[in-house]
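Read the structure below first, then the notes.
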Protein chains: 2
Amino acid sequence: MKVTKEKAAANRAALVRAAARLFRERGIDGVGVAEICKSAGLTHGALYAQFASKEALAAEALAYGLDRSFVGLTAVKGDRGTTLTAFLDAYLAPQHRDDLAGGCPMAASASEIARQDEAISAQFSDGFERIVEAIQRMLGTTATTASAAAARQHALAIAAAMIGGIAAARAVRKARPDLSDEIVMAVRQVLGEVGGEAAIPRADAAASTHG
Amino acid sequence: MKVTKEKAAANRAALVRAAARLFRERGIDGVGVAEICKSAGLTHGALYAQFASKEALAAEALAYGLDRSFVGLTAVKGDRGTTLTAFLDAYLAPQHRDDLAGGCPMAASASEIARQDEAISAQFSDGFERIVEAIQRMLGTTATTASAAAARQHALAIAAAMIGGIAAARAVRKARPDLSDEIVMAVRQVLGEVGGEAAIPRADAAASTHG
DNA sequence: TGTACATCAGTGAACGCGCGTTCACTGATGTAC
DNA sequence: TGTACATCAGTGAACGCGCGTTCACTGATGTAC
């Protein structure tokens, strides 16, 4: 049965949204197309009217997830609205660690994306580059780093540590919840130092940054 | 056909070794038991004489991979034999990034381990804890960090950044090999700074550390 | 040391199952007149 | 505005396939005597 253009576009968007959540939560290999379609309120055959393959859907779902999580937020608010302190507080938080389905797709899927095709690598690269540039801009305002090259270097390392910190905190969580909390807090603290936060800044920084 | 105890033990070890390599290379969901057994020179049914399930094999393969890669190396040589400089040079290297099957299982599988059961989380936790303690010992000898608590905090952040750095470098590699190299070098450099390496130490550090 | 036999690691066919994808069909949409 | 009909998003059965696991069987091992 044919459907209005609007309804078809909404169905396509529902597929991408469902895929973005399910792929983060259980991995690309861990979710079947039938479940994605069901979650979007469609039957499994419908997917192929909108996407060439599960892989094509995965690439689009990754792009969607990047735009809707921390990466997209920095693009909207990054230049002046977000400080490094507020950004690190939001990313390196237990709430983010516990929100696999809605959190940063880079943290959720970093190691499995290494095994996917170039289209998916390109989406990841784009998201990573955007977050690095946003961090570099944040460093600019508070920086201890003198040159732009040094700021970029620090931004790259901070982005890698954020992703690794959340991924590691999730990996140890079932067996060692104490260690998981410790990782989140330690990475938060040390990256603040790397980014030029004062050694004991939390009360001041929170007051001057939030609200 | 029955087989000598020695041969049975060797077959079991071959299964673990093959699984450790294949799981890192293609993910736990990405490899079937038939391929693991074939790679170990056995038929697929043989696995269940040695392991309760694929999952049990995965836990043992993870433990094996941790012992045989960087984590195990620090246990053998860590206390005095390895400096932070040498350790970071080895871990944050293009050779490690390109050796998915033989490299650190935490970098290879961090994000998918968050989705596995507690036994696998426990193995990851154990490996992570060991590498953090090794880094903390390395920091002890060169430290800018005064207290033990600060040293542990830094060690946790360094470990997370190492894992995230290699995972991100692999994820962007197909689409952006230039960015991949840049990530590896930037994380290497910044973690050296965090660990107390001098600002422009490479020549000196290399001379005093290696050989 | 030689013989009889229980053990059990490994074989390979078979199990049910869910996978990604295809395809003939449906029927409301939306265009042409 | 009203009618005829081509379009095509979505349906659901079916495709071949590989998955993890089971199981009856094999036959060399290694133990008991």
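In what follows, chains are A, B, ... by sequence order, proteins preceding strands, each numbered from 1.
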Starting from [atom2] on [N], measure out to [atom1] on [X] and report it in whole angstrom.
X: N11(B); N: dT29(D); atom1: CG; atom2: P; value: 13 Å
X: I36(A); N: dT21(C); atom1: CD1; atom2: P; value: 10 Å
X: K54(B); N: dT22(D); atom1: NZ; atom2: P; value: 15 Å
X: K38(B); N: dG12(C); atom1: NZ; atom2: P; value: 13 Å
X: Q50(A); N: dT21(C); atom1: CD; atom2: P; value: 15 Å
X: R12(B); N: dG10(C); atom1: CZ; atom2: P; value: 11 Å
X: I28(A); N: dG20(C); atom1: CD1; atom2: P; value: 11 Å
X: D29(A); N: dG20(D); atom1: CG; atom2: P; value: 12 Å

Q: Give a yes/no answer on whether the side chain of K2(B) brings an N or O atom under 4.0 Å of OP1 or OP2 in dT7(C).
A: no
Q. When the nearest nucleotide of DNA chain D is assigned to K5(B) and to L47(B) on a heavy-atom basis, which residue is associated with the more 5' position?
A. L47(B)
Q | Most 5' of V33(B) and E6(B) on DNA chain D, judged by nearest nucleotide | A | V33(B)
Which base sits across from [N] as a Watson-Crick or G-U pair, both distances under 3.5 Å?
N: dA13(C); answer: dT22(D)
N: dG27(D); answer: dC8(C)
N: dT1(C); answer: none

Q) Which part of the nucleic acid does A8(A) contact within heavy-atom distance under 4.0 Å: base, sugar-phosphate only, or nothing? A)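 Touches sugar-phosphate only.
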Q.
Heavy atoms only, 4.0 Å cut-off, all strands: where does G32(A) land among base, sugar-phosphate and nothing?
A.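 Sugar-phosphate contact only.
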Q.
Just by distance, no angles: are the side chains of S111(B) and E112(A) close enough, under 3.5 Å, to form a donor-acceptor pair?
A.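 There is no such pair (donor and acceptor under 3.5 Å, judged by atom type) between the side chains of S111(B) and E112(A).
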Q: Identify which nucleotide among dC19(C), dT11(D), dT22(C) has an atom closest to any side-chain atom of L42(A), counting heavy atoms from C-beta outward.
A: dT11(D)
Q.
With nearest nucleotide decided by heavy atoms, which residue, K7(B) or H44(B), maps closer to the 5′ end of DNA chain C?
A. K7(B)
Q | 5' priority, DNA chain C, between E35(A) and A52(A) [closest heavy atom] | A | E35(A)
**Q.** D126(A)/R176(B) salt bridge by N-O under 4.0 Å criterion
**A.**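 No, no charged N to carboxylate O under 4.0 Å.
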Q) Hey, is the main chain of Q116(B) close enough, under 3.5 Å, to the side chain of K174(A) for a donor-acceptor pair? A)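 Checking the backbone N and O of Q116(B) against the side chain of K174(A), a donor-acceptor pair under 3.5 Å is found.
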Q) Centre of F124(B)'s six-membered ring, under 6.0 Å away, within 45 degrees of the axis: is that where NZ or CZ of R170(A) sits? A) no
Q) Can D67(A) and R130(A) be said to form a salt bridge (charged side-chain N to carboxylate O under 4.0 Å, His left out), step by step? A) CA-CA 10 Å; D67(A) 276 339; R130(A) 280 152 63 200; 2.6 Å; yes
